[in-house]
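Every value quoted in this text rests on a predicted model; they were computed, and no experiment measured them. One-based numbering along the sequence shown. Heavy-atom basis, side chains included; hydrogens, waters and symmetry copies ignored.
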Amino acid sequence: MQLKRTWKTYAVWILLSEAVGALSGFLTRNGAEQYSAAITKPPLSPPPMLFPIVWGILFALMGIGAARVYLSHASAARSRALAVFFLQLGFNFFWSIIFFNFQRFGFALLWLLVLWGLILWMIAAFAKVDRPAAWLQVPYLLWVSFAAYLNLGVWLLN
């Protein structure tokens with residue numbers, strides 16, 4: 001019985017995280033196409049097909065980490081960690097809209113830097129509850145660091 005509950009909990013958190021990413025991707029698909037066709041990109045820009053693959057993995061890791069925290073003993077630290085999780089997820093969602101749909105590259109960079117700080121805060125909050133959940137977020141922090149380089153490059157080149 002416990003295994004079934006645990007499996008369902010992981011599924012819910014992963015699906016929630018993936019759904020946020022999928023909705024953001026859906027809402028920005030036209031802007032992303034325009035971006036790919038018309039915007040000068042900085043060196044080291046990966047091919048467009050890589051982004052959904054990487055983001056799919058990162059959203060899954062976010063969901064796994066959040067599930068681990070959720071399954072831990074109820075505490076103020078757990079509640080804070082999950083609140084920060086939702087806050088960073090919201091910032092993540094809106095960055096794509098700012099960047100791709102509105103093409104406000106400077107503002108998107110500032111937004112991304114706030115997101116970076118929120119991810120760091122989430123890692124610290126997760127670490128107080130479940131260390132493996134925190135470590136699962138390190139690739140996300142690294143990717144967003146790389147995204148900040150790309151965002152800065154796009155802003156400077158366009």
Side-chain angles (χ1 to χ4, degrees), residues 7-71 79-126 132-158:
W7 179 87
K8 286 181 180 179
T9 301
Y10 276 95
V12 166
W13 284 96
I14 293 168
L15 289 173
L16 170 71
S17 300
E18 294 287 354
V20 168
L23 180 59
S24 180
F26 176 77
L27 293 175
T28 59
R29 67 192 183 286
N30 292 335
E33 287 176 14
Q34 291 172 350
Y35 167 84
S36 291
I39 300 299
T40 303
K41 293 159 204 67
L44 305 178
S45 293
M49 67 177 225
L50 184 64
F51 289 95
I53 295 167
V54 170
W55 278 112
I57 293 167
L58 294 175
F59 280 114
L61 292 174
M62 277 184 244
I64 293 167
R68 290 183 63 90
V69 169
Y70 178 80
L71 289 168
S79 296
R80 271 191 302 278
L82 293 174
V84 176
F85 169 80
F86 283 114
L87 182 60
Q88 69 78 29
L89 197 59
F91 265 77
N92 182 307
F93 175 83
F94 285 108
W95 177 83
S96 297
I97 293 168
I98 295 165
F99 186 86
F100 291 112
N101 288 4
F102 299 137
Q103 295 192 357
R104 304 289 303 187
F105 303 130
F107 183 65
L109 179 59
L110 291 175
W111 192 272
L112 195 62
L113 293 175
V114 172
L115 174 61
W116 191 91
L118 290 171
I119 297 165
L120 199 56
W121 185 16
M122 179 180 66
I123 290 171
F126 276 19
W135 280 106
L136 287 170
Q137 307 317 305
V138 171
Y140 178 29
L141 184 69
L142 294 174
W143 183 256
V144 169
S145 300
F146 180 60
Y149 155 76
L150 294 174
N151 191 154
L152 175 64
V154 167
W155 183 40
L156 293 174
L157 294 170
N158 295 278

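Within the model, atoms CE of M62 and CG of L136 stand 11.5 Å from one another, a figure rounded to the nearest 0.5 Å. With values rounded to the nearest 0.5 angstrom, W155 atom CH2 is found 10.5 Å from R104 atom CZ. With rounding to the nearest 0.5 angstrom, the CG atom of L112 is 10.0 Å from the CD1 atom of I98. Between E18 atom CD and I57 atom CD1 the span is 9.5 Å, to the nearest 0.5 Å. In this structure, the separation between CZ on F51 and CG on L150 is 5.5 Å, given to the nearest 0.5 Å.
Other residues, nucleotides and ligands contribute over 12 non-hydrogen atoms within 6.0 Å of the OH atom of Y149. Residue-environment remark: CZ (F102) stays at or below the threshold of 12 foreign heavy atoms within 6.0 Å. Within 6.0 Å of CZ on R29 lie more than 12 heavy atoms contributed by other residues, nucleotides or ligands. Around CH2 of W143, the count of heavy atoms belonging to other residues, nucleotides or ligands within 6.0 Å exceeds 12.
For the side-chain contact (heavy atoms from CB on, under 4.5 Å) test with Q88, the passing option among V114, L118, I123, V144 is L118; the others fail.
Closest of all the heavy-atom pairs between L58 and P139 is CD2-C, 3.7 Å. Closest approach of F100 to A32, counting heavy atoms only: CD2-CA, 3.7 Å. The heavy-atom pair separating G65 from A133 by the smallest distance is O-CB, 3.4 Å. Nearest heavy-atom pair, W116 versus S145, reported as atom, atom and distance to 0.1 Å: NE1-OG, 2.8 Å. In plain terms, the two heavy atoms of I14 and A60 that are nearest each other are CG1-O, 3.9 Å. Taking all atoms of both residues into account, the shortest heavy-atom contact from L115 to F91 is CD1-CB, 3.9 Å.
Side-chain contact between L27 and F93: present, with at least one pair of heavy atoms (C-beta onward) separated by less than 4.5 Å. With contacts defined as side-chain heavy-atom distances shorter than 4.5 Å, the pair L89/F85 qualifies. Using a 4.5 Å heavy-atom threshold, the side chains of W111 and F99 count as separate. Using a 4.5 Å cut-off on side-chain heavy atoms (C-beta onward), L141 and V138 make no contact. The side-chain heavy atoms of W121 and L87, taken from C-beta on, include a pair separated by under 4.5 Å.
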Quick one, Q103 with N158, criterion side chain to side chain contact (heavy atoms under 4.5 Å, CB included). Give me CA distance, side-chain angles, the key distance, then yes/no. CA-CA 10 Å; Q103 295 192 357; N158 295 278; over 6 Å; no
How far apart are the C-alpha atoms of W13 and I64, what are their side-chain angles, what is the distance that settles it, and do they pass the side chain to side chain contact (heavy atoms under 4.5 Å, CB included) test? CA-CA 7 Å; W13 284 96; I64 293 167; over 6 Å; no
How far apart are the C-alpha atoms of K41 and L157, what are their side-chain angles, what is the distance that settles it, and do they pass the side chain to side chain contact (heavy atoms under 4.5 Å, CB included) test? CA-CA 7 Å; K41 293 159 204 67; L157 294 170; 6.0 Å; no
Starting from the C-alpha separation in whole Å, work towards a yes-or-no answer on side chain to side chain contact (heavy atoms under 4.5 Å, CB included) for T28 and Y35. CA-CA 10 Å; T28 59; Y35 167 84; over 6 Å; no
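For W95, the side-chain hydrogen bond (donor to acceptor under 3.5 Å, both in side chains) partners are N151, not counting sequence neighbours. Taking the salt bridge (Lys or Arg N to Asp or Glu O under 4.0 Å) definition, one finds that R68 meets it with D130, sequence neighbours left out.
Judged by distance alone, the side chain of S45 and the main-chain N or O of P42 form a donor-acceptor pair under 3.5 Å.
Using cut-offs of 30° and 60° on the angle between ring planes, the pair W55 and Y140 is perpendicular.
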